[in-house]
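Worksheet: the structure to be examined is printed underneath.
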Amino acid sequence: MSVDAAKKPKSSWLNLVVDFGPLLVFFLAYRHFSPEGDGNSIATVTAVIKGTIAFMVATVAALVVSKWRLGHVSPMLWLTTVLILGFGALTVVFRNAIFIQLKPTAVYLMFSAVLFVGLWRGKAMLKYLLQAAFEGLDDAGWMILSRNWAWFFLVLAVLNTVLVYTVSFDTWLQAKLWGFTVLSFLFTFSQLPMVLKHGMGESAKEELVENPPHD
């Protein structure tokens with residue numbers, strides 16, 4: 001093990017908090033402020049606004065925690081934070097939930113485009129987005145992983161957009177928090193046979209499972 005690897009801070013639970021904590025904060029804040037029943041649209045919009053503000057604050061906090069405790073902030077987290085703040089601000093200013101709902105679509109499309117452009121240029125951009133060097137994974141493995149995630153992000157973008165325009169905000173939020181998170185973990189697990197075939201070690205396998213790419 002190299003000196004850099006030995007010094008690299010690792011904390012499974014903290015990675016999960018940084019990655020998925022802000023979305024959970026958004027869900028809890030919205031549920032706390034949302035009115036009972038479906039008749040009070042003004043109160044529902046107010047709950048979305050307050051949830052969005054909590055989401056933005058939690059996202060910035062996650063960025064600070066990542067730098068402080070984990071020692072780095074990945075480009076993926078930087079880009080996601082910028083889009084959350086941008087779409088969150090639009091949601092608050094225009095008092096319209098559509099902006100925060102379409103934020104995941106924008107994130108997924110951006111990451112998918114970056115990965116596809118990288119593949120076209122012969123570069124595995126996922127490695128740079130994650131700022132990860134999974135032990136033993138060869139260049140071919142990184143290329144395949146980048147290709148697979150590029151297509152998966154594109155599928156998620158389409159799925160999120162369909163949900164935004166076909167179901168209620170409550171249903172969309174439930175699907176975003178639980179459904180998309182589960183899908184991401186299942187997709188990550190599905191990649192394990194391929195990355196192990198391309199030389200990734202057991203320790204790196206655990207790191208990949210604990211830190212799937214996300215929005």
Side-chain angles (χ1 to χ4, degrees), residues 2 4-5 8 10 12 15-16 18-20 22-23 59 62-63 66 70 72-84 86-87 101-165 172 175-215:
S2 67
D4 290 339
K8 183 181 178 180
K10 292 185 178 181
S12 301
N15 283 325
L16 291 175
V18 168
D19 291 345
F20 300 103
L23 183 58
T59 299
L63 193 82
S66 180
L70 302 178
H72 74 284
V73 177
S74 70
M76 181 169 280
L77 183 56
W78 275 115
L79 292 171
T80 301
T81 300
V82 169
L83 287 179
I84 288 174
F87 279 84
Q101 288 180 280
L102 289 178
K103 185 276 302 179
T105 295
V107 173
Y108 295 139
L109 287 177
M110 179 184 65
F111 289 154
S112 181
V114 168
L115 293 177
F116 275 125
V117 169
L119 292 169
W120 177 62
R121 299 179 61 187
K123 294 183 178 180
M125 292 303 296
L126 187 65
K127 184 175 183 179
Y128 300 100
L129 285 175
L130 293 176
Q131 274 195 342
F134 298 132
E135 180 185 351
L137 184 60
D138 58 27
D139 290 339
W142 271 112
M143 289 295 288
I144 295 172
L145 198 61
S146 292
R147 180 201 65 195
N148 293 350
W149 272 100
W151 282 109
F152 185 62
F153 278 135
L154 187 58
V155 169
L156 291 182
V158 173
L159 179 58
N160 184 72
T161 305
V162 170
L163 289 174
V164 168
Y165 289 104
W172 169 82
K176 181 67 187 75
L177 178 60
W178 309 115
F180 281 62
T181 300
V182 170
L183 281 176
S184 295
F185 275 104
L186 289 176
F187 184 79
T188 300
F189 276 109
S190 75
Q191 302 305 297
L192 289 179
M194 182 277 293
V195 294
L196 291 174
K197 179 181 178 181
H198 283 271
M200 193 170 77
E202 287 296 319
S203 60
K205 179 186 76 172
E206 295 176 2
E207 185 179 352
L208 176 64
V209 172
E210 293 164 358
N211 299 279
H214 65 96
D215 67 305

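Side-chain atoms are counted along with the backbone in the values below, which use heavy atoms only and exclude waters and symmetry mates.
Residue Ser184 holds its OG atom at 6.0 Å from CZ of Phe20, rounded to the nearest 0.5 Å. The line from CG of Leu79 to CE of Met110 is 4.5 Å long, rounded to the nearest 0.5 Å. Atoms CG and CD1, on Leu126 and Ile144 in that order, are 12.5 Å from each other to the nearest 0.5 Å. Here Tyr128 contributes atom OH and Lys123 contributes atom NZ; the two are 6.5 Å apart, rounded to the nearest 0.5 Å. To the nearest 0.5 Å, the span separating CH2 on Trp78 from CG on Leu63 amounts to 4.5 Å. Atom NE2 of His198 sits about 8.0 Å away from atom CG of Leu137, to the nearest 0.5 Å.
The nearest pair of heavy atoms linking Thr81 to Leu77 is OG1-O, 2.7 Å. When all heavy atoms are compared, the tightest approach of Asp138 to Gly141 is OD1-N, 2.6 Å. For the pair Asn160 and Gln101, the tightest heavy-atom approach, listed with the atom from each and the gap, is ND2-O, 3.0 Å. Taking both residues in full, the closest heavy atoms of Ser66 and Val18 are given as CB-CG1, 4.0 Å, listed atom of the first, atom of the second, then distance.
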Test side-chain hydrogen bond (donor to acceptor under 3.5 Å, both in side chains) applied to Thr161 and Thr105, step by step: CA-CA 6 Å; Thr161 305; Thr105 295; 3.0 Å; yes
For the pair Leu129 and Leu115, evaluate side-chain contact (heavy atoms from CB on, under 4.5 Å) and give the outcome as yes or no after the intermediate values. CA-CA 9 Å; Leu129 285 175; Leu115 293 177; 4.0 Å; yes
Evaluate Phe180 against Phe185 for ring-ring contact (aromatic ring centres under 6.0 Å, His included), listing each step before the verdict. CA-CA 9 Å; Phe180 281 62; Phe185 275 104; over 10 Å; no
Could you go through the side-chain contact (heavy atoms from CB on, under 4.5 Å) check for Leu102 and Tyr165 one step at a time? CA-CA 10 Å; Leu102 289 178; Tyr165 289 104; 3.9 Å; yes
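Side-chain contact between Asp139 and Met143 is absent, with no heavy-atom pair separated by less than 4.5 Å. With contacts defined as side-chain heavy-atom distances shorter than 4.5 Å, the pair Leu159/Tyr108 does not qualify. No side-chain heavy atom of Ser146 sits under 4.5 Å from any side-chain heavy atom of Lys127. Side-chain contact between Val164 and Trp172 is present, with at least one heavy-atom pair separated by less than 4.5 Å. Within the 4.5 Å cutoff, the side chain of Thr59 has no heavy atoms near those of the Leu23 side chain. Using a 4.5 Å heavy-atom cutoff, the side chains of Ser74 and Leu130 are not in contact.
In this structure Lys197 satisfies the side-chain contact (heavy atoms from CB on, under 4.5 Å) test with no other residue, sequence neighbours excluded. With sequence neighbours excluded, the residues forming a ring-ring contact (aromatic ring centres under 6.0 Å, His included) with Phe152 are Trp149, Phe187, listed by chain and number.
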